[in-house]
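Report on one structure; see the data block that follows.
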Amino acid sequence: MTEILSPPPVTRADHVISIRNLSKSFGQLEVLKDISLDVDAGEVVCVIGPSGSGKSTLLRCVNLLETPTSGQIFVGTDEVTDPDVEIDLVRRGIGMVFQSFNLFPHLTVLQNLTVTQRKVLKRSKSESVAVARRNLDRVGMSHKEDAYPAQLSGGQQQRVAIARALSKDPTLMLFDEPTSALDPELVGDVLAVMKSLAADGMTMLVVTHEMAFAREVADRVVFMDGGYIVEQGAPGDVIGQPKEERTRSFLHRVLNPLVIETDELDG
Ligand SMILES: Nc1ncnc2c1ncn2[C@@H]1O[C@H](COP(=O)(O)OP(=O)(O)O)[C@@H](O)[C@H]1O
Ligand SMILES: [Mg+2]
């Protein structure tokens with residue numbers, strides 16, 4: 001008897017993010033060049049690459065913090081690049097975490113997590129507090145709910161920022177170098193939180209220089225240089241045995257930081 005395995009139907013909704021031939025210029029400077037990339041539900045994709053290669057711009061195009069010059073971006077079934085898109089609605093489903101934590105300094109930790117839920121999602125006070133506490137627990141920050149951001153370490157602030165992003169119940173989390181502003185001893189706590197989110201099945205697009213994290217947690221690693229995706233694949237391939245010379249030389253520099261090349265000194 002022949003077993004018939006029919007593939008599941010492919011629709012755009014199968015991808016949480018679908019980027020098609022995306023280009024972005026700032027004036028004469030083309031910083032993203034014909035980028036195509038899909039991220040599936042539950043996938044963790046890490047984007048690596050040198051400073052100025054377009055990583056942040058790529059992330060910012062996904063929630064339209066930058067307007068693409070050409071190409072298409074879908075988040076779920078919503079086309080972000082459709083001029084008629086209700087971007088506020090799309091953004092509600094996307095949690096974004098930046099290098100700088102961007103907490104409101106005059107609000108407590110708990111208030112930082114409830115304010116958007118109340119104002120944007122129109123949740124009741126009791127619901128928003130319950131959601132906030134659940135997410136503070138998730139990032140190990142429950143004990144600081146009454147603290148102000150300035151009373152917390154950078155790593156604690158970033159964990160609160162992650163909890164705040166999670167409080168929108170996003171289907172997708174974007175991280176732009178979430179640990180780059182942290183003292184080295186605080187990086188691990190934030191990466192541990194991200195690792196647990198990944199284990200819970202969160203879809204994540206993460207720009208990072210943490211190669212050990214990318215190797216361990218990413219399903220796929222994308223190497224960008226000069227506005228292009230130069231290569232992508234399993235972390236063991238892209239980081240472990242890169243095909244492209246540009247990837248090899250980038251990794252060599254990241255993994256051997258004492259070898260400083262003179263053209264990097266002003267970067
Ligand atoms: N708003 C902007 N206006 C002009 N140029 C920009 C702007 N944002 C980024 N760029 C330029 O685009 C290029 C890519 O930047 P970016 O996406 O921040 O790279 P990365 O995150 O990989 O360091 C850089 O040359 C940067 O100077
Ligand atoms: Mg950047």
Side-chain angles (χ1 to χ4, degrees), residues 17 19-37 39 44-73 75 80-81 87 91 94-102 154 157-158 161-162 165 172-184 187 190-191 194 204-214 217-218 220-233 235 238-239 242 244-255 257 260-267:
I17 307 176
I19 299 172
R20 291 277 160 270
N21 307 109
L22 170 68
S23 295
K24 171 67 183 174
S25 299
F26 293 106
Q28 296 297 305
L29 182 68
E30 192 177 24
V31 301
L32 294 177
K33 300 164 183 164
D34 198 31
I35 299 279
S36 292
L37 177 69
V39 180
V44 177
V45 175
C46 284
V47 180
I48 63 173
S51 174
S53 57
K55 306 179 301 294
S56 294
T57 305
L58 174 64
L59 233 59
R60 291 166 60 80
C61 281
V62 172
N63 56 7
L64 227 56
L65 292 175
E66 300 291 354
T67 310
T69 307
S70 63
Q72 283 181 303
I73 301 175
V75 173
V80 174
T81 37
I87 190 63
R91 283 190 188 133
I94 305 176
M96 179 131 188
V97 176
F98 301 90
Q99 181 175 334
S100 53
F101 327 119
N102 298 333
Q157 289 185 57
Q158 191 61 301
I162 293 171
L172 162 67
M173 289 284 286
L174 304 176
F175 292 88
D176 192 356
E177 297 195 33
T179 60
S180 293
L182 299 177
D183 291 332
V187 167
V190 172
L191 293 179
M194 292 169 64
M204 296 165 52
L205 183 58
V206 183
V207 174
T208 186
H209 293 298
E210 297 292 335
M211 293 305 141
F213 173 85
V217 180
R220 193 145 44 94
V221 172
V222 172
F223 172 67
M224 285 183 69
D225 192 16
Y228 291 103
I229 291 181
V230 174
E231 69 177 292
Q232 61 171 303
V238 176
I239 299 175
E244 302 293 332
E245 175 51 35
R246 281 198 281 176
T247 318
R248 278 198 289 272
S249 105
F250 168 75
L251 287 167
H252 180 76
R253 281 177 282 143
V254 172
L255 300 172
I260 300 173
E261 284 155 38
T262 41
D263 62 345
E264 286 174 62
L265 289 174
D266 16 293

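Just follow the structure's listing: the first ligand is 1, and inside any ligand the first atom is 1.
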If you have a sec, work out which protein heavy atom is nearest [atom] and how many Å separate them, to one decimal?
{"atom": "atom 15 (O) of ligand 1", "value": "T57 OG1, 3.8 Å"}
{"atom": "atom 19 (O) of ligand 1", "value": "G54 N, 3.2 Å"}
{"atom": "atom 18 (O) of ligand 1", "value": "S56 CB, 3.7 Å"}
{"atom": "atom 25 (O) of ligand 1", "value": "L29 CD2, 3.8 Å"}
{"atom": "atom 3 (N) of ligand 1", "value": "F26 CD2, 3.4 Å"}
{"atom": "atom 23 (O) of ligand 1", "value": "G52 N, 2.7 Å"}
{"atom": "atom 22 (O) of ligand 1", "value": "K55 NZ, 2.8 Å"}

(Q) Under a 4.0 angstrom heavy-atom cut-off, which atoms of ligand 1 come close to S51? (A)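 In order of numbering, the contacting atoms are 23 (O).
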Q. Pick one: which of C61, S25, S23 meets side chain to side chain contact (heavy atoms under 4.5 Å, CB included) with L32?
A. C61
Q. Could an N or O of ligand 1 be found under 3.5 Å from any N or O of S53, whether backbone or side chain?
A. yes
[X] to [Y] - nearest heavy-atom pair and separation:
{"X": "P68", "Y": "E66", "answer": "CD-O, 3.4 Å"}
{"X": "H209", "Y": "V254", "answer": "O-CG1, 4.2 Å"}
{"X": "D225", "Y": "R246", "answer": "OD2-CD, 3.0 Å"}

(Q) Show, in sequence, the C-alpha distance, side-chain angles and deciding distance for N63 and V80, and conclude whether the side-chain contact (heavy atoms from CB on, under 4.5 Å) test is met. (A) CA-CA 7 Å; N63 56 7; V80 174; over 6 Å; no
Q) Protein heavy-atom contact under 4.0 Å for atom 27 (O) of ligand 1? A) no
Q) What's the spacing between L205 CG and M173 CE if we round to 0.5 Å? A) 11.5 Å
Q. Nearest 0.5 Å, what's the CD1-CD distance between I48 and E231?
A. 8.5 Å
Q) What do you reckon, does P50 put a non-hydrogen atom under 4.0 Å from ligand 1? A) yes
Q) Does a side-chain heavy-atom distance below 4.5 Å link L58 with V207? A)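 Contact flag for L58/V207 side chains = no.
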Q. Within a strict 4.5 Å, meaning less than it, do heavy atoms of the V217 and M204 side chains meet?
A.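 A side-chain contact under 4.5 Å is absent here.
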Q: Of the side chain and backbone of V31, name the one, both, or neither that has a heavy atom under 4.0 Å from an atom of ligand 1.
A: side chain
Q. For the Mg ion (ligand 2), does an N/O/S atom of Q99 lie at less than 2.8 Å?
A. no
